[in-house]
Amino acid sequence: MAKRDLISIEDLSRAEVELLLDTAESFLPVLERDIKKVPTLRGRTIINLFWEASTRTSSSFDLAAKRLSADTLALKASGSAVEKGETLKDTAITLSAYSPDIIVMRHPSAGACQILSANTEASVVNAGDGKHQHPTQCLLDLFSMRQNLGRELDGLRVFIIGDILHSRVARSNIWGLLKLGAAVTIGGPATLVPREFERLGVRVCHSLREAVADADVVNLLRIQHERQKTSFFPSTGEYAGIFGLNRETLPWCKPEAMIMHPGPINRGVELESELADGPRSVILEQVTNGLAVRMAVLHLVAGCLP
């Protein structure tokens, strides 16, 4: 049987996206039980390679594997042979000697997961590669929208605002939302949201007030200073004053508009704390849903088809 990878949302059909979301929904009851474990992947080995800092993604993949009864091994760049100059190819070949079933990887370079996949028989799951893709974040965002707003996302109006230029989350979400029939608007400073993104089939808007007016979902992204070699706006204060969602700008949104954020939040910049912790926010729900979604991903990538 050919191995299954999950490297990009672009690679999935609408039916495959919906299968992943349906499978995630079937795992939600497991997370509410006293014994939060199923034997689905007993005897399988999953290696988590995180060459970039992570809290939510790394912990949820680790927990997802354990909830499915898999054996796990977690490695970070710090303290590994990477610090001695080992190439990704040699890391892949070395780890393949342990016969893992799945390798989950986060890496600062776009395309790293393709290199990993080409040098291992294990299935590869992309946990974020540079500015390229973050497919499981997209899936958990889609799942959170579906759980709150209904099963079908056709016609849903979603506004993604922030550092679109450097965001793998934005790229993945755009592809995923368009596959499910949503209408997507992206916004932020023109330096971070160039008009070229319109070629993907989205609307580009540089006015917060205009963009949020008819949005069913407002998905805020942080400014990714770690991927920027120069400043794309004068100051965080000015960014917050023009593009931040706060008590003054919230009334521009529809009363029922849902607030999302992949985390970590720069409180007071893209989103005011009162709103991040308020009743319209599903940010913590996204974290819980991320565990169910990553269980579904590991389950299906391992070949456990319904």
Inset, instruction - Give the cluster check for Ile164 versus Trp175: same hydrophobic cluster or not, with ILVMFWY residues linked at side-chain heavy-atom distances below 4.5 Å. - result: yes

Inset, instruction - Please round to the nearest 0.5 Å and tell me the distance separating atom CG of Asn266 and atom CG of Leu220. - result: 11.0 Å

Inset, instruction - Would you indicate whether the side-chain heavy atoms of Leu139 and Ser172 approach each other to under 4.5 Å? - result: no

Inset, instruction - Taking Arg168 for its side chain and Gly130 for its backbone only, find out whether a donor-acceptor pair lies under 3.5 Å. - result: yes

Inset, instruction - Check whether the side chains of Arg4 and Ser123 place a donor and an acceptor atom closer than 3.5 Å, and report yes or no. - result: no

Inset, instruction - Quick one: pull up SG in Cys113 and CG in Asp5 and give me the separation to the nearest 0.5 Å. - result: 9.0 Å

Legend entry - Criterion salt bridge (charged side-chain N to carboxylate O under 4.0 Å, His left out) on Glu272 and Arg267, from CA distance to verdict: CA-CA 6 Å; Glu272 194 173 61; Arg267 290 175 180 261; over 6 Å; no

Legend entry - Euclidean distance, Thr120 OG1 relative to Tyr98 OH, rounded to 0.5 Å: 13.0 Å

Legend entry - Side chain to side chain, Ile259 and Val282, heavy atoms closer than 4.5 Å: no

Inset, instruction - Please assess Arg146 against Glu25 for the test salt bridge (charged side-chain N to carboxylate O under 4.0 Å, His left out), listing each intermediate value before the final yes or no. - result: CA-CA 10 Å; Arg146 197 172 77 162; Glu25 189 168 1; 3.4 Å; yes

Inset, instruction - Mind running salt bridge (charged side-chain N to carboxylate O under 4.0 Å, His left out) on Glu196 and Arg199 for me, showing each step along the way? - result: CA-CA 6 Å; Glu196 296 91 88; Arg199 289 180 291 185; 5.4 Å; no

Inset, instruction - Using the salt bridge (charged side-chain N to carboxylate O under 4.0 Å, His left out) rule, take Asp154 and Arg14 through it: C-alpha gap first, then chi angles, then the decisive distance, then the call. - result: CA-CA 12 Å; Asp154 287 288; Arg14 175 171 179 153; 2.8 Å; yes

Inset, instruction - Would you check if Val217 and Phe159 make a side-chain contact, meaning some heavy-atom pair closer than 4.5 Å? - result: no

Legend entry - CA sep, side-chain torsions, deciding dist, call: Met145, Leu156, side chain to side chain contact (heavy atoms under 4.5 Å, CB included): CA-CA 9 Å; Met145 293 177 204; Leu156 190 72; 3.9 Å; yes

Inset, instruction - Working to the nearest 0.5 Å, report the span between CG of Leu208 and CD1 of Ile242. - result: 10.0 Å

Legend entry - Result of checking Leu21, Leu20, Leu19 against Val17 for side-chain contact (heavy atoms from CB on, under 4.5 Å): Leu21

Legend entry - Leu88/Met105 under side chain to side chain contact (heavy atoms under 4.5 Å, CB included): CA gap, chis, key distance, verdict: CA-CA 11 Å; Leu88 178 56; Met105 185 171 73; 3.8 Å; yes

Inset, instruction - Mind checking the CZ-NE2 spacing from Arg222 to His261? Nearest 0.5 Å is all I need. - result: 8.0 Å

Legend entry - Side-chain (Arg171) to main-chain (Leu165) donor-acceptor, under 3.5 angstrom: yes

Legend entry - Worked check of side chain to side chain donor-acceptor pair (under 3.5 Å) between Thr91 and Glu86: CA-CA 7 Å; Thr91 297; Glu86 183 173 71; 2.8 Å; yes

Legend entry - Near-ring test Phe50/His107, centroid separation under 6.0 angstrom: no

Inset, instruction - Spell out, as yes or no, whether a donor-acceptor pair under 3.5 Å connects the side chain of Arg106 to the backbone of Ala53. - result: yes

Inset, instruction - Find the distance between CZ (Arg33) and CG (Leu28) and round it off to the nearest 0.5 Å. - result: 12.5 Å

Legend entry - Check: Asn289/Gln147 side-chain N/O donor and acceptor closer than 3.5 Å: no

Inset, instruction - Spell out, yes or no, whether Val125 and Trp51 are grouped together once hydrophobic residues are joined by side-chain heavy atoms under 4.5 Å, including indirect joins. - result: no

Inset, instruction - For the pair Ser281 (side chain) and Gly278 (backbone), establish whether a donor and an acceptor sit closer than 3.5 Å, ignoring hydrogens and angles. - result: no

Inset, instruction - Taking the side chain as every heavy atom from C-beta outward, state whether Pro135 and Gln137 have any atom pair closer than 4.5 Å. - result: no

Legend entry - Shortest non-hydrogen separation from Glu16 to Asp11 and the atoms involved: OE1-O, 3.9 Å

Legend entry - Test item: Phe27 and Leu68 side chains (from C-beta on) under 4.5 Å apart, heavy atoms: yes

Legend entry - Whether Lys76 side chain and Leu49 backbone form a donor-acceptor pair below 3.5 Å: no

Inset, instruction - Check for a donor-acceptor pair, side chain of Asn148 on one end and backbone N or O of Ser144 on the other, with a separation under 3.5 Å. - result: yes

Legend entry - Among Asn126, Thr72, Ile46, Leu6, the one residue meeting side-chain contact (heavy atoms from CB on, under 4.5 Å) with Val104: Ile46

Legend entry - Identified side-chain contact (heavy atoms from CB on, under 4.5 Å) counterpart of His206 within the set Ile186, Val193, Leu192, Thr191: Val193

Inset, instruction - Assess the side chains of Thr249 and Asn246: does a donor N or O sit below 3.5 Å from an acceptor N or O? - result: yes

Inset, instruction - Would you kindly say whether Asp129 and Gln133 are connected by a side-chain donor-acceptor distance under 3.5 Å? - result: no

Inset, instruction - State, without any angle test, whether Ser117 and Lys3 hold a side-chain donor-acceptor pair at a distance under 3.5 Å. - result: yes

Legend entry - Polar side-chain atom of Ser69 near backbone of Arg42 as donor-acceptor pair, under 3.5 Å: no

